[in-house]
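These figures come from a predicted structure and were not determined experimentally.
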Amino acid sequence: MNIFVAGLSYQINDADLKELFEEYGEITSAKIITDRETRRSKGYGFVEMADEDGQRAIEELNGAEYDGRTLSVSEARPRAEGDRPRGGGNRGGYGNRERRY
């Protein structure tokens with residue numbers, strides 16, 4: 001089961017996330033998502049573990065407080081085809097505004 005965990009403190013790392021979920025069963029992987037450019041945490045991550053253990057972890061950790069923040073824990077949804085990461089990027093242009101000289 002792939003579990004989505006949001007509301008994490010920006011100081012939490014992969015090892016901390018793994019440790020948080022180990023109480024509920026064997027962890028296949030635990031990953032904090034970081035910004036590609038700054039390498040800083042985005043405040044969410046993913047944990048993979050057995051379905052039965054994962055369900056119990058979701059039930060017990062969703063809404064729980066960890067490191068001073070309230071966690072939002074749910075089963076991760078697969079990325080839909082065509083979904084792409086949102087983000088800036090300098091695309092130029094003026095949007096819908098009229099150019100005035």
Could you tell me the separation between the [atom1] atom of [X] and the [atom2] atom of [Y], rounded to the nearest 0.5 Å?
X	Y	atom1	atom2	result
Leu8	Tyr44	CG	OH	11.0 Å
Ile3	Met49	CD1	CE	5.5 Å
Asn2	Lys31	CG	NZ	13.5 Å
Asp16	Asp67	CG	CG	8.0 Å
Glu65	Leu71	CD	CG	9.0 Å
Lys18	Ile12	NZ	CD1	16.0 Å

Original post:
In terms of hydrophobic clusters joined by side-chain contacts under 4.5 Å, are Tyr66 and Leu17 together?
Top reply: yes
**OP:** Consider only side-chain heavy atoms of I, L, V, M, F, W and Y, link residues closer than 4.5 Å, and tell whether Tyr24 and Ile58 are in one cluster.
**Re:** yes
[X] side-chain N/O to [Y] backbone N/O, donor-acceptor pair under 3.5 Å:
X	Y	value
Asp53	Ala50	no
Asp51	Met1	yes
Asn62	Val73	yes
Asp14	Ile32	yes

Subject >> Derivation and outcome, side chain to side chain contact (heavy atoms under 4.5 Å, CB included), residues Val5 and Phe21 >> reply: CA-CA 11 Å; Val5 186; Phe21 278 80; 3.5 Å; yes
Subject >> Non-hydrogen atoms of Ser9 and Ser41 that approach each other most closely >> reply: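 What the structure gives for the nearest pair is O-OG, 4.4 Å.
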Subject >> Working for side chain to side chain contact (heavy atoms under 4.5 Å, CB included), residues Tyr10 and Arg69 >> reply: CA-CA 10 Å; Tyr10 297 113; Arg69 305 217 23 195; 3.8 Å; yes
Original post:
Can Lys42 and Asp35 be said to form a side chain to side chain contact (heavy atoms under 4.5 Å, CB included), step by step?
Top reply: CA-CA 6 Å; Lys42 289 189 170 192; Asp35 181 272; 4.2 Å; yes
Subject >> N-O pairing of Glu60 and Arg56 below 4.0 Å >> reply: yes
